[in-house]
Amino acid sequence: MVSDLMENLKKQISLSLKEGMEKLEKEGFLKAPFPEKIPLSLSVNSQFGDLSTNVALQVKSGKSPIALANILAEGLRKITSVENVEVKEPGFINIFLKRQFFYRLLFSVLKQGDKFGLSRRRKREKVLLEFVSANPTGPLTIAHGRQAALGEAIANVLSANGYQVAKEYYLNDTGVQIDLLGESLLARYREVLTLPFSIPEDGYSGEYLKEMAKDLKEKYQDKLLAKGKDFFSNLATVRIISQIRKDLSDFRVNFDSWFSETKLRQSSSIKNVLAKLKEKGYLYQKGGAFWFKSSLFGDEKDRVLKKSDDTYTYFAPDIGYHQNKYERGYQRLIDLFGPDHDGYVPRLKAALVALGYPVNSLSVLIVQLTTLYQGKKKLQMSTRKGKFITLRELIQEVGADVAKYFFLSRKPQSHLDFDLELAKKNSLENPAYYIQYAYARAESIMKFAREKGISVKRRIKLPWFFLLSEKEEIAILHLLFRFPYLIEAEGKTLEVHPILKFLQELAGNFHSYYAKFRIISEDKDLTRARLLLVKGVRIVLKNGLKLLGISAPEKM
RNA sequence: GCGCCCGUAGCUCAGCUGGAUAGAGCGCUGGACUUCGAAUCCAAAGGUCGCAGGUUCAAAUCCUGCCGGGCGCGCCA
């Protein structure tokens, strides 16, 4: 929840600015209409006050920006919570708030606790977030790990903004790849039975199928040889899916639903979609295949839905799947794709628009690849050849929290260099622990206070807050109030790495503060005041980490 | 060739709905533990924001062109 106090104040300020502009307009100083929404932002730098606006620079007028700003500043000075207003070259208006205002805000943070930063308003809109959706033909790799971490965090941020969000994994559990998987397993099975065998071309030659084959030999000896390819496909898929579920759950990424392509194909969804496209005249036959006129909707060329051999391309069931999402009542769809599916987006959007859904109801986020490094050495990977670092191994090596930290620390569309060596380090070179350490430290201070018999649980007294007067303390207060606005913004941009950046900054300020000042001292009231601040920091660190899916340990 | 992404400090990256002296971590140099956790803190060094134009009172941020790196352009999935 964005603090009501702050919201009300912003409204007052906006209103005052608007009145000022209207007056100037009436007096004929403005050469063009002023913007409907007057810009007002939280200042990043304390020398620019607490809030600032550049309206005076935005409008064309007969007066100089400075003169305009000075006129607007006069109105602002009348607002109760405003301490002072400064006008700076070339025309910025910087607003300084009264300390008391921040103390009230802190009080509100403490009162809200777990809820601070979360939207109180529930939105009607139902959102379906689809991510990972790796083919169940092998273990999840670190590339999937990045998507998993990101998807989970985005879902959390959307929930925090009041959306009803569901996380779904689409299982491509049928088709050519699954056939190849079955054949590959059968080959491995023959191998462990010392029979002649050959892995199909483009088959899966990774180590994991050998393991599975060994297990089959132990349990069934050679009795499975009579079974067909489908049996092996099925068996391999089932086992791999269960491993994928376990890996994700160990990574603390939990899906609300798993959607099976097999079931989709059994339903009439795909047929219906084709019929609908045909009815609208967007389907035609050429060379024995059925084509969708995607070029009518911005795609660079038309696409085949049904091949001349009468089977579907990958595209056809995928349209059926997305249509199905809408049919289940989701108004907004978000897909996380790898960079190799980048060029696929226009045709998918084209299909949905052709079916009558709004173009903006689907957002596709392209998550770039991750390259693993061991120090300076680059590790090459390939799923098919079975050369890769699995998500499982990564979690075992560095832990879920550290892995998530690195995955979330960069924007998704940037290529990620993941240094295993650095991530493994349990030392100060590893930045992953910085935020958690701040949290654990805050936790331990609170514990120390309890042992000393100092409690701030009951009857918080306003005068205590006035003892928070160091500039470091005020700076921390400022940071706390940025949090809800950050969450709100991210609900729109779907970017979560700024949270990490922010928590890093908050943790840093807290560490410095701790090193410079004594929290628990002989001065009881000052101690209480500072403990309240520590509590506020703890709340924001915890809520922020929770959104990212990173744990907040009380001890490390 | 066309499309998408990236190019900012030695390294890895933030900042990019234009704003006030370009930030962080790591690394390097020098300091801080008898007192609430040193996985921390303090100080110092380090940048033609790929290049060239343009728009603007104001450009790392917007527009155009170019250069360098990655990915994609299937009746594959």
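All chains are named by letter (A, B, ...) in the order of the sequence lines, taking the proteins before the strands, and each is independently numbered beginning at 1.
Base-pair partner of B/rC51: B/rG65 (Watson-Crick or G-U wobble, both distances under 3.5 Å). Nucleotide B/rU40 has B/rA32 as its partner under the Watson-Crick or G-U criteria, with both atom distances under 3.5 Å. Taking a pair to require two hydrogen-bonding distances under 3.5 Å in either a Watson-Crick or a G-U wobble arrangement, B/rC71 pairs with B/rG3. Nucleotide B/rC26 forms a pair with B/rG10, judged by Watson-Crick or G-U wobble geometry with both contacts under 3.5 Å. Applying the Watson-Crick and G-U wobble criteria (two distances, each under 3.5 Å), B/rG18 pairs with nothing in any strand.
Considering only side-chain atoms of A/Gln58, the nucleotide from B/rC13, B/rC5, B/rG19 that sits closest is B/rG19. Among B/rU40, B/rA20, B/rA24, the nucleotide with an atom closest to any side-chain atom of A/Lys501 is B/rA24. Considering only side-chain atoms of A/Ile519, the nucleotide from B/rC36, B/rC41, B/rG19 that sits closest is B/rC36. Comparing atom distances between the A/Ala515 side chain and each of B/rC5, B/rC13, B/rC41 picks out B/rC41 as nearest. Nearest to the side-chain atoms of A/Arg518 among the listed nucleotides B/rU12, B/rC36, B/rA20 stands B/rC36. Comparing atom distances between the A/Tyr434 side chain and each of B/rC41, B/rC36, B/rA77 picks out B/rC41 as nearest. Here the nucleotide nearest the side chain of A/Pro90, chosen from B/rC57, B/rA39, B/rU21, is B/rC57. Here the side chain of A/Gln47 is nearest to one of B/rU21, B/rC36, B/rA39, namely B/rU21. Distances from the side chain of A/Lys411 to the nucleotides B/rG37, B/rA20, B/rG15 place B/rG15 closest. Nearest to the side chain of A/Leu57, among B/rC5, B/rG19, B/rC41, sits B/rG19.
The side chain of A/Ser414 places an N or O atom within less than 4.0 Å of a non-bridging phosphate oxygen (OP1 or OP2) of B/rA14. For B/rA38, one of the phosphate oxygens OP1 or OP2 lies less than 4.0 angstrom from a side-chain nitrogen or oxygen of A/Arg441. At least one side-chain nitrogen or oxygen of A/Lys307 sits closer than 4.0 Å to the OP1 or OP2 atom of B/rC76. Residue A/His415 places none of its side-chain N or O atoms closer than 4.0 Å to OP1 or OP2 of B/rG7. Contact check, A/Thr313 against B/rC76: no side-chain N or O comes under 4.0 Å of OP1 or OP2. For B/rA77, neither phosphate oxygen OP1 nor OP2 lies less than 4.0 angstrom from any side-chain nitrogen or oxygen of A/Tyr314.
The only option from A/Trp258, A/Phe131, A/Phe259 that meets the ring-ring contact (aromatic ring centres under 6.0 Å, His included) definition with A/Tyr169 turns out to be A/Trp258.
Per the geometry, CD1 belonging to A/Ile38 stands 21 Å off P belonging to B/rU17, to the nearest Å. Rounded to a whole Å, the CG atom of A/Leu369 is 13 Å from the C1' atom of B/rC6. In this structure, A/Lys63 places its NZ atom 18 Å from C1' of B/rC57, rounding to the nearest Å. Straight-line distance from the NZ atom of A/Lys555 to the P atom of B/rC36: 17 Å, rounded to whole Å. As rounded to whole Å, 19 Å separates atom P of B/rA24 from atom CZ of A/Phe406.
Scanning atom types as modelled, one donor and one acceptor separated by under 3.5 angstrom connect the side chain of A/Ser308 and the base of B/rC75. One donor-acceptor pair, N or O on each side, does fall under 3.5 Å between the base of B/rU21 and the side chain of A/Asn45. With hydrogens and angles ignored, no donor-acceptor pair closer than 3.5 Å exists between the side chain of A/Asp202 and the base of B/rA77.
Residue A/Ser294 comes nearest to A/Lys301 through the heavy atom pair OG-O, 2.8 Å, listed as atom of the first residue, atom of the second, then distance. Scanning all heavy atoms of the two residues, the minimum distance from A/Arg146 to A/Ser414 falls at NH2-O, 2.9 Å. Residues A/Phe96 and A/Ser46 approach most closely at CE2-O, 3.9 Å, considering heavy atoms. Minimum interatomic distance between A/Gln147 and A/Gly338 (heavy atoms only, all atoms of both residues): NE2-N, 3.6 Å. Scanning both residues, A/Asp173 and A/Pro136, for their nearest heavy atoms gives CA-CG, 4.2 Å.
A distance of about 35 Å separates the C1' atoms of B/rA14 and B/rA77, rounded to the whole Å. Going from the P atom of B/rU21 to that of B/rG7 covers 24 Å, rounded to whole Å.
Within the 4.0 angstrom heavy-atom criterion, no nucleotide atom of any strand lies near A/Lys516. Among the heavy atoms of the strands lying under 4.0 Å from A/Tyr514 is at least one base atom, whether or not backbone atoms are also near. Across all strands, A/Lys37 comes closer than 4.0 Å to no nucleic acid atom at all (heavy-atom distances). A/Gly287 comes within 4.0 angstrom of a base, heavy atoms only. Counting non-hydrogen atoms under 4.0 angstrom, A/Glu554 reaches a base of the nucleic acid. Here A/Leu305 lies out of heavy-atom contact (under 4.0 Å) with every strand. Contact annotation for A/Ala438: no contact, since no heavy-atom pair falls under 4.0 Å across all strands. A/Asp318 comes within 4.0 angstrom of nothing in the nucleic acid, heavy atoms only. Contact annotation for A/Thr311: no contact, since no heavy-atom pair falls under 4.0 Å across all strands. Using a 4.0 Å heavy-atom distance criterion, A/Ser444 is classed as a base contact. Across all strands, A/Phe517 comes closer than 4.0 Å to base atoms (heavy-atom distances).
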Tabulate atom names and distances for all N/O pairs under 3.5 angstrom spanning the protein and nucleotides 29-34 of chain B.
none

Is there any protein nitrogen or oxygen under 3.5 Å from a nitrogen or oxygen in nucleotides 72-74 of chain B, and what are the pairs?
unit_1: B/rC73; atom_1: O2'; unit_2: A/Glu300; atom_2: OE2; d: 3.1

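For A/Phe517 and A/Tyr513, the ring centers are positioned less than 6.0 Å apart. Ring to ring, A/Tyr405 and A/Tyr433 are not that close: their centroids are 6.0 angstrom or more apart. Under the 6.0 Å cut-off for aromatic ring centres, A/Phe48 and A/Phe92 do not qualify, their centroids lying 6.0 Å or more apart.
Along RNA chain B, the nucleotide nearest to A/Asp417 and the one nearest to A/Gly508 differ in position, and the one closer to the 5' end is contacted by A/Asp417. Between A/Gln368 and A/Trp291, the residue whose closest nucleotide on RNA chain B is further toward the 5' end is A/Gln368.
Donor-acceptor pairing under 3.5 Å is recorded for the side chains of A/Gln436 and A/Asp401. Inspection of the A/Glu86 and A/Asn94 side chains reveals no N or O donor paired with an N or O acceptor under 3.5 Å. Side-chain polar atoms of A/Glu421 and A/Tyr373 form no donor-acceptor pair below 3.5 angstrom.
Stacking between A/Phe48 and the base of B/rA20 is present: ring centres sit under 5.5 Å apart and the planes differ by under 30 degrees.
Applying the salt bridge (charged side-chain N to carboxylate O under 4.0 Å, His left out) criterion to A/Arg482, with sequence neighbours excluded, gives A/Glu505.
The aromatic rings of A/His341 and A/Tyr344 lie perpendicular to each other, with more than 60° between the two planes, well past the 30° mark.
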